[in-house]
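The structure under discussion appears below in the form of C-alpha cells.
Because the structure is predicted, anything quoted here is derived from the model rather than measured. Atom set for the values below is all heavy atoms of this structure, side chains included, hydrogens, waters and symmetry mates excluded. Quick note on labels: first sequence line is chain A, next is B, and so on, each numbered from 1.
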Amino acid sequence: MARQKREVFPAGLYGMLLFALCCLTLPGIAAPIERLLVGTACLVPWALGGFGGEPAAAADAGVAERVAALARQLDERLREHDLGQGPAVLLRDHEPMLCGVVASERRGGGGQPCELRLDRSHAELAGCAEFVTKGDVLLGTLVRQGQGVAAADAATDHARVLLLNHPAARAVAAVAQLPEGGALRMVVRGAAAVDPAPLRVDLWDDPYRAARLDRGGFDVRTLALPPQYGGVPGGLWLGRTLVWGFDGDGIDAPVTIGVFVVPPIEPRALSHVVVWRKRDGVAPPGRRPEPLRRAATVRELPGASAGRWLVAADVAVPDGAAVVLEGFCLGTARGLSFGLGLLTAFPSSRHPWNLLLLPDDPALRPREIVAQVERSDAGAALVRWRGDSLDGESQRLPPGYLFTGSNGPHCPPGLLLGTAVPHRFDRSLLEVTTPSVPGPQAAQVVAAEEER
Amino acid sequence: MRRWLLWFLLVPQAFLLEGLWRDTGMPSLDANVLVGLFLALFAERRALPWLLLGAAVGRAMVDEARLPVQILVLGIPVAVLLPLRGLVFGQRWILQAFVAAMLAVAIPKLALLCGRWFDQPSQTAGPDPWSVAAAALLVPPLLFVLRALPPLRGFAEEP
C-alpha cells in the first residue's frame with residue numbers, strides 16, 4: 001500500500017521542484033550550490049580544452065588603444081550632453097557631477113525600476129543638492145544617509161536616488177503648454193506598477209479642460225515653487241503626456257480616463273545621472289577608479305552553442321562580470337567554483353542589457369538604451385532597443401559604436417561591444433556586429449573590489 | 001555510490017556531447033529529450049530528484065538560465081509524464097516515440113515560459129518539426145541501448 005502511494009505521489013521529485021521555486025525567489029540559497037555543481041561539471045571540458053592549444057595573447061596593441069580612445073570619446077560626449085544643460089537656479093551656486101549607476105532596484109511606476117544606486121558613496125555626495133537631473137530632465141531626488149529608504153545605510157554605502165516613479169517620491173508641480181494656446185498646470189507623481197507609464201497626473205488646475213485632452217505628446221515641465229513648497233527648480237523636463245482612455249469612433253467622442261507622463265529616458269535605461277554639488281571651495285571627489293581587471297583565459301565550451309565560453313581566472317569570477325578581450329567586452333560570465341566561469345557572448349545572450357550608443361556623427365549625443373538580442377548568427381546580432389525618446393517617440397538610432405551601460409558592479413559602463421547600424425525597416429531594431437574570437441585567448445575579467 | 005559518481009560525471013557531459021554530435025552534421029539527438037524520457041519512464045522513482053539535479057547541471061552548462069530554472073524545465077514534464085509509466089513500460093515503441101515528441105515540444109516551450117516568468121531568458125530555440133521528428137524516431141532506440149550501459153543501467157527501475 002505504502003509503495004503504491006509512493007508511486008502515485010513522488011514526493012522527492014515534487015520536493016525538488018518546490019526547492020527550485022524557492023531558490024528562484026531567494027537566489028542566495030542556491031547560488032553556492034550552483035557554483036559548486038556546475039563548476040565541478042565544467043572541470044572536465046576545461047581539462048580537455050587544455051589539449052586544444054595555449055591561449056593566444058592580444059595580437060595588436062593598436063586595437064586596444066583605438067578602443068580606449070573610443071571609450072574616452074564616449075565619456076567626453078556624455079559629459080558634454082548631460083552636464084551642459086542644467087537648471088539655471090542650480091547652476092548659480094552648484095556644479096554638476098556625473099555619476100554612474102551601479103544598480104537599479106525595486107519596481108515602481110510603470111513597472112520600471114524606481115531606485116538607483118550610484119557609484120559614489122553617501123559620504124562623497126553629502127553636500128549635494130537634493131535634485132538629480134540628466135541634461136534638462138528631472139529624474140528624482142538624492143536620499144540622505146539615515147533617512148527614508150537609506151535609514152540603515154552606512155556612509156560608505158552606495159548613494160541612492162529615488163526616481164520620481166518611486167511610491168515614496170515627492171509629487172512635483174508641473175505645467176504643459178498646449179498647442180491651441182494656454183497651459184495646463186498639474187501635479188505629477190509616481191504611477192502604479194501596472195500603469196502604462198512611470199508617472200501620472202494627479203491633480204489639474206482645470207480638470208474640465210484636461211478631460212477634453214484627446215491626444216498626448218505634450219511636453220511637461222516643472223513649475224518653480226518657493227522653498228517652503230519644496231523648491232523644485234522650474235523648467236525641468238519631466239516627459240511627454242500619454243492620454244489613456246477610449247478612442248472616439250466618429251459617433252461617440254473620445255473618453256479620457258487618465259493622463260500619464262512618459263519620461264524621455266526610461267528609468268531602466270539610465271546609466272549615468274547628474275548630481276549637483278555645492279560650490280564651497282572644496283575640491284570635488286576625484287574620478288571613480290575603474291574596477292580591477294584580472295587576467296583570465298577563455299576557451300570555447302566544446303559542444304555548446306556558439307558564443308558559450310569557459311573562463312578561468314586566478315580569483316573567483318563574480319556573477320555578471322564582464323570579460324574583456326583587447327578592449328572589447330565579449331559578454332558577461334556566471335561565476336563558478338575553482339576560479340571558473342561560464343561566459344555567454346553578447347550576441348548569444350538573451351537577457352536585457354543597458355547599453356550606450358556613441359553615434360559616428362560627433363554632433364549627435366550618446367544614447368542610453370535598454371536592449372535585448374532577438375536573433376544572432378556568429379558575431380552578428382539583431383537587437384531590439386527601447387528607452388530613449390529624448391528626440392521623439394519615432395526616432396531612429398544613428399549608426400555608431402555600442403558600449404555597455406550600467407549592468408551591475410562588475411560590468412561598468414563604457415566597455416565596447418561592437419558597431420551598430422539601424423535596421424533598414426524596423427526602427428526599434430539595431431544590427432550589431434561584434435568581433436569574433438578564434439581559439440583560446442588571454443583575456444581579462446572585470447571584478448569590482450567589493451560590493452558595498 | 002559508484003553509480004551516482006558516474007551519473008554526475010557523465011550525464012552533464014552528455015549535453016556537450018550532443019552539441020559535438022550536431023556539429024558533425026549528424027541528425028540531432030536531443031539530450032534533454034533523452035534524459036527526460038529516461039527520468040519519466042524508466043528511472044528509479046526514489047532517485048528521481050537527484051537524477052534530475054544531475055541532468056539540470058548539464059543543461060546549466062549550455063544554457064544561460066540558472067540551475068533552478070533548468071530543474072523546473074526538465075522536472076515539470078517528468079512530473080507530468082510519470083503517471084504514464086504504467087502504460088509505457090516494456091517496449092511499447094509507439095508510446096515512447098509519442099512521449100519523446102511531447103518532450104521535444106514541451107522542454108523548449110517551458111524554457112521560454114520560465115525565462116519570461118523568472119526573468120531568466122533561455123538560449124533554447126523553439127521546437128521545430130525536424131527536431132521533434134528526430135526525437136520521436138531516434139531517441140527511444142538510443143535510450144534502449146543506453147539503458148543497458150552505465151550510468152543509466154544503475155538507475156533503471158524494474159517493471
Side-chain angles (χ1 to χ4, degrees), chain A residues 3 6-27 29-31 33-45 48 300-308 310 319 331-332 334 336 342-345 347-352 372-376, chain B residues 8-23 31 39-40 43 45-54 56-76 78-79 82-83 85-86 112 114-115 117-125 157:
Chain A
R3 182 189 153 95
R6 264 207 312 275
E7 285 182 5
V8 174
F9 188 80
L13 178 64
Y14 293 162
M16 181 60 85
L17 296 179
L18 198 60
F19 176 69
L21 276 174
C22 292
C23 292
L24 286 166
T25 319
L26 302 163
I29 302 175
I33 305 170
E34 180 175 1
R35 286 178 82 98
L36 180 68
L37 285 174
V38 183
T40 309
C42 284
L43 284 174
V44 178
L48 293 176
E300 201 168 1
L301 188 62
S305 57
R308 194 89 169 143
L310 266 173
D319 264 342
T332 53
R334 185 201 302 169
L336 306 173
L342 271 171
L343 163 68
T344 307
S348 304
S349 68
R350 293 294 179 267
H351 66 263
Q372 198 163 0
V373 176
E374 288 215 331
R375 284 197 303 276
S376 59
Chain B
F8 276 93
L9 184 72
L10 297 180
V11 169
Q13 309 308 325
F15 287 81
L16 296 178
L17 280 177
E18 177 214 333
L20 290 174
W21 173 267
R22 197 178 46 234
D23 291 346
L39 295 183
R45 280 167 206 256
R46 268 190 325 181
L48 271 180
W50 308 110
L51 297 178
L52 175 63
L53 183 65
V57 167
R59 250 188 84 84
M61 286 168 72
V62 295
D63 190 70
E64 198 180 357
R66 304 207 73 108
L67 183 63
V69 174
Q70 311 298 358
I71 292 175
L72 291 178
V73 167
L74 285 175
I76 290 173
V78 170
L82 211 55
R85 211 174 250 210
L112 294 174
C114 285
W117 285 336
F118 302 115
D119 203 18
Q120 292 194 36
S122 165
Q123 287 161 291
T124 312
E157 195 171 66

Check: Is it true that B:Arg66 and A:Glu34 have a side-chain N and a carboxylate O under 4.0 angstrom from each other?
Finding: yes
Note to self: Against A:Met16, only a single residue in B:Leu48, B:Ile71, B:Val78, B:Leu72 fulfils side chain to side chain contact (heavy atoms under 4.5 Å, CB included); can you say which?
What the structure shows: B:Ile71
Check: For the candidates A:Pro302, A:Cys23, A:Ser376, which exhibits the highest count of non-hydrogen atom pairs separated by less than 4.5 Å from chain B?
Finding: A:Pro302
Next item on the list: Could you tell me which portion of A:Leu13 (side chain, backbone, both or neither) has an atom closer than 4.5 angstrom to a non-hydrogen atom of chain B?
Entry: both
Margin query: Give me the atom names and distance for the closest heavy-atom approach of A:Arg334 to B:Ala65.
Written below: NH2-O, 2.9 Å
Check: B:Leu39 versus chain A, heavy atoms under 4.5 Å apart: side chain, backbone, both or neither?
Finding: neither
Item checked: Contacting region of A:Leu17 [heavy-atom separation from chain B under 4.5 Å] -> both
Check: Under a 4.5 Å heavy-atom cut-off, does chain A meet the side chain of B:Leu52, its backbone, both or neither?
Finding: side chain
Notebook entry, point to check: So which part of B:Gln120 gets closer than 4.5 Å to some heavy atom of chain A, the side chain, the backbone, both or neither?
Noted result: side chain
Note to self: Between A:Ala41 and chain B, with a heavy-atom cut-off of 4.5 Å, which part of the residue counts as in contact: side chain, backbone, both or neither?
What the structure shows: both
Next item on the list: Would you mind checking which part of B:Glu64 comes under 4.5 Å of any heavy atom in chain A, side chain (CB onward), backbone (N, CA, C, O), both or neither?
Entry: both
Next item on the list: Would you mind telling me which of B:Gly58, B:Gly75, B:Pro12, B:Ala60 has the largest number of heavy-atom pairs within less than 4.5 Å of chain A?
Entry: B:Ala60
Check: Can you tell me how far the CZ atom of A:Arg308 sits from the CG atom of B:Asp63, to the nearest 0.5 Å?
Finding: 6.5 Å
Notebook entry, point to check: Between A:Asp319, A:Leu336, A:Thr40, which residue shows the highest count of heavy-atom pairs closer than 4.5 Å to chain B?
Noted result: A:Asp319
Note to self: Go through it in stages, so that I can follow the logic: the residues are B:Ser122 and A:Arg350, the test is side-chain contact (heavy atoms from CB on, under 4.5 Å), and I'd like the CA-CA distance, side-chain angles, deciding distance and then a yes or no.
What the structure shows: CA-CA 7 Å; B:Ser122 165; A:Arg350 293 294 179 267; over 6 Å; no
